[in-house]
Student: 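I'd like to ask some things about the structure below.
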Amino acid sequence: MDTIFALASAQGKAGVAVIRLSGPLAHTAAKKLAGKDLPPRGMRHCCLRDFSGARLDDGLVLTFQAPKSFTGEDVAELQIHGSVATVNALLRCLSEIRGLRLADPGEFTRRALENGKIDLTQVEGLADLIDAETEAQRKQAQSVLAGSLGSLVERWRRDLIRAAALLEAVIDFADEEVPTDVSPEVQTLVSGVVSDLEQEARGVRIAERIRNGFEVAIVGLPNAGKSTLLNALAGREAAITSEFAGTTRDVIEVRMDLAGLPVTLLDTAGLRETDDYVESIGVELARKRAETADLRVFLSETTDELGVELQAGDIQVLPKADLRSSSAGVSGKTGQGIDELVSNISRVLVNRSTISGIATRERHRIAMLKAIDALTAARTVLESGPDMYDIVAEELRSAIRALESIVGRIDVENLLDEIFSSFCLGK
């Protein structure tokens with residue numbers, strides 16, 4: 001096994017930089033730079049020198065002994081001053097040590113997975129945590145990283161193994177008198193797992209939205225003040241505004257944090273019939289994005305003329321409140337009604353987020369649906385009696401394999417390559 005190293009902190013100038021090493025030569029390499037013995041597990045303040053004895057930097061050297069480390073291997077971390085020149089000098093010295101090489105993207109985390117320190121869902125949680133921009137994303141990622149989904153899968157797996165063991169016992173002793181009918185307990189175990197899986201699968205869509213962001217489309221007729229409203233919500237000139245109808249041709253996207261949730265606001269072209277070819281493309285695109293958005297804000301007196309169906313949770317407000325005698329509506333120019341609109345958008349999305357599950361990815365949902373299909377078949381066949389227990393047991397094994405793919409126990413090698421390619425070198 002190679003010993004790998006990489007900068008684990010961000011690239012560029014910083015107060016402190018961290019260089020991580022992992023593998024059988026991690027402590028030996030750190031000792032060469034420190035010029036003194038290091039404890040198997042601990043921290044030392046050292047003057048780090050190159051192989052000619054020239055001083056590189058003062059720093060802290062932390063050592064972790066296998067298997068009690070992030071990767072499960074011997075690990076060393078060099079905490080040094082974060083100048084680009086200092087970091088490069090130390091990386092250059094490490095590259096000159098035989099048996100050491102620069103880590104591939106995500107290789108530290110991959111070794112942690114392969115050494116059983118974390119499961120695949122925790123790898124995904126770690127990736128999400130690194131990318132988290134909002135409080136909801138942070139909380140969701142922390143929950144997955146802490147192993148909540150892995151624990152849930154393990155409980156389901158344990159119940160199904162218990163059910164399969166009961167059936168196998170009957171099959172193995174088919175020629176002898178078995179005093180207990182195992183069908184009721186098997187049905188109870190399987191039904192409990194199916195109920196949990198169905199509930200968790202329903203929440204994946206919302207969990208994905210928390211991870212990737214909700215889309216909120218601003219919809220209305222031309223010159224209804226959509227772009228002005230978007231600019232007011234964004235706090236900057238994100239979209240061009242003018243008094244001429246049809247100014248917006250493309251969909252303008254602005255990323256925001258609303259009530260801790262990631263939200264992308266979409267400013268769409270005004271919906272109308274037009275002979276302008278380019279504008280008609282923008283109108284068609286606006287309709288498509290509005291239909292697929294999680295929430296629509298209609299700036300209009302009525303939605304009948306827009307050709308986009310009002311759905312549960314959508315918000316309709318009167319446009320250009322600054323030109324009205326009443327206090328109703330919203331205005332991007334004066335700010336009237338904007339706080340209330342933001343509050344309403346946040347309330348709708350927060351309410352939807354309450355049904356979010358622990359599982360956060362489409363692959364989780366697909367694996368759960370496969371398990372549900374197998375377990376549904378198992379429950380049906382189970383009613384045929386002991387003569388069909390071997391088929392029921394096979395269906396249970398199929399469900400177990402589907403669940404094991406969630407945590408990375410089987411058939412995920414291609415998936416691992418895709419996941420780790422998005423990690424930085426020091427992770």
Side-chain angles (χ1 to χ4, degrees), residues 1-36 38-39 41-52 54-66 68-115 117-118 122-133 138 141 145 416-427:
M1 175 69 72
D2 292 338
T3 296
I4 56 175
F5 67 91
L7 177 65
S9 51
Q11 294 280 351
K13 184 170 64 176
V16 175
V18 178
I19 296 175
R20 175 181 287 169
L21 301 88
S22 180
L25 298 179
H27 291 184
T28 301
K31 179 182 176 181
K32 284 185 178 182
L33 294 175
K36 62 171 68 174
L38 300 171
R41 183 179 183 85
M43 179 176 63
R44 286 281 174 85
H45 177 263
C46 304
C47 176
L48 302 175
R49 299 180 184 275
D50 65 18
F51 305 127
S52 68
R55 181 190 183 96
L56 294 172
D57 196 16
D58 276 349
L60 294 177
V61 180
L62 284 71
T63 49
F64 307 85
Q65 190 173 32
K68 296 182 178 180
S69 70
F70 172 66
T71 62
E73 303 171 337
D74 284 346
V75 169
E77 290 188 355
L78 311 177
Q79 297 187 4
I80 57 176
H81 295 98
S83 77
V84 174
T86 300
V87 170
N88 287 340
L90 277 161
L91 291 176
R92 186 166 56 250
C93 285
L94 289 171
S95 68
E96 294 172 358
I97 299 177
R98 187 173 182 177
L100 269 65
R101 64 170 174 82
L102 190 65
D104 293 329
E107 189 168 4
F108 290 95
T109 307
R110 185 161 190 158
R111 290 190 176 194
L113 174 67
E114 291 171 347
N115 292 328
K117 304 299 291 186
I118 55 177
Q122 290 174 291
V123 172
E124 293 168 327
L126 178 57
D128 290 344
L129 183 61
I130 292 171
D131 292 335
E133 297 175 341
R138 182 192 68 80
L145 178 58
L416 293 182
D417 291 337
E418 179 181 344
I419 290 174
F420 290 122
S421 66
S422 66
F423 274 63
C424 60
L425 296 182
K427 209 62 186 169

Student: Could you work out, with salt bridge (Lys or Arg N to Asp or Glu O under 4.0 Å) as the rule, every residue matching Arg98, not counting sequence neighbours?
Tutor: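 For Arg98, no residue satisfies salt bridge (Lys or Arg N to Asp or Glu O under 4.0 Å) once neighbours in sequence are set aside.
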
Student: Between OG1 of Thr71 and CD of Glu114, what distance do you get to the nearest 0.5 Å?
Tutor: 11.0 Å

Student: Is the shortest heavy-atom distance from the side chain of Val84 to the side chain of Val87 under 4.5 Å?
Tutor: no

Student: How far apart are the closest heavy atoms of Phe64 and Arg41, and which atoms are they?
Tutor: CD2-NH1, 3.9 Å

Student: Do you know the tightest heavy-atom contact between Leu33 and Cys93?
Tutor: CD2-CB, 4.0 Å

Student: Minimum heavy-atom separation for Thr3 and Ala26, please, with both atom names.
Tutor: CG2-N, 3.7 Å

Student: Take Leu25 and Ile97, measure what side-chain contact (heavy atoms from CB on, under 4.5 Å) needs, and give me the verdict at the end.
Tutor: CA-CA 10 Å; Leu25 298 179; Ile97 299 177; 5.6 Å; no

Student: How long is the span from the CG atom in Asp2 to the CG atom in Leu102, to the nearest 0.5 Å?
Tutor: 11.5 Å

Student: In the structure I gave you, are the side-chain heavy atoms of Arg49 and Leu56 within less than 4.5 Å of one another anywhere?
Tutor: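 Arg49 does not reach Leu56 side chain to side chain.
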
Student: Report the distance from atom CG of Leu94 to atom CG of Asp50, rounding to the nearest 0.5 Å.
Tutor: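 One finds 11.5 Å between CG of Leu94 and CG of Asp50.
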
Student: For residues Pro39 and Thr63, report the shortest heavy-atom separation together with the two atoms involved.
Tutor: O-OG1, 2.6 Å

Student: For the SG atom of Cys46 and the CG atom of Leu60, what is their distance to the nearest 0.5 Å?
Tutor: 8.0 Å

Student: Kindly write out the residues that satisfy salt bridge (Lys or Arg N to Asp or Glu O under 4.0 Å) with Lys31, not counting sequence neighbours, or none if the list is empty.
Tutor: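 Partners of Lys31 by the salt bridge (Lys or Arg N to Asp or Glu O under 4.0 Å) criterion, ordered by chain and then number, come out as Asp37.
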
Student: Supply the atom-to-atom distance Thr28 OG1 to Leu38 CG, rounded to the nearest 0.5 angstrom.
Tutor: 9.5 Å

Student: Identify the two heavy atoms, one from Ala6 and one from Phe108, that lie closest to each other, and give their separation to 0.1 Å.
Tutor: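 Ala6 and Phe108 have their closest heavy atoms at CB-CE1, 3.9 Å.
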
Student: Using a 3.5 Å cut-off and no angle test, enumerate the donor-acceptor pairs between side-chain atoms of residues 72-81 and protein atoms at least two apart in sequence or in another chain.
Tutor:
{"unit_1": "Glu73", "atom_1": "OE1", "unit_2": "Ser22", "atom_2": "OG", "d": "2.6"}
{"unit_1": "Glu73", "atom_1": "OE1", "unit_2": "Gly23", "atom_2": "N", "d": "3.4"}
{"unit_1": "Glu73", "atom_1": "OE1", "unit_2": "Arg111", "atom_2": "NH1", "d": "3.1"}
{"unit_1": "Glu73", "atom_1": "OE2", "unit_2": "Arg111", "atom_2": "NH1", "d": "3.4"}
{"unit_1": "Asp74", "atom_1": "OD1", "unit_2": "Ala66", "atom_2": "N", "d": "2.9"}
{"unit_1": "Glu77", "atom_1": "OE2", "unit_2": "Arg20", "atom_2": "NE", "d": "3.2"}
{"unit_1": "Glu77", "atom_1": "OE2", "unit_2": "Arg20", "atom_2": "NH2", "d": "3.4"}
{"unit_1": "His81", "atom_1": "ND1", "unit_2": "Asp57", "atom_2": "OD1", "d": "2.8"}
{"unit_1": "His81", "atom_1": "ND1", "unit_2": "Asp57", "atom_2": "OD2", "d": "3.1"}

Student: Which heavy-atom pair separates Lys117 from Ser69 by the least distance, and what is that distance?
Tutor: CE-O, 3.1 Å

Student: Would you call Val61 and Leu48 a side-chain contact if the rule is heavy atoms closer than 4.5 Å?
Tutor: yes

Student: Could you tell me if the side chain of Phe51 sits less than 4.5 Å from the side chain of Lys32, heavy atoms only?
Tutor: yes

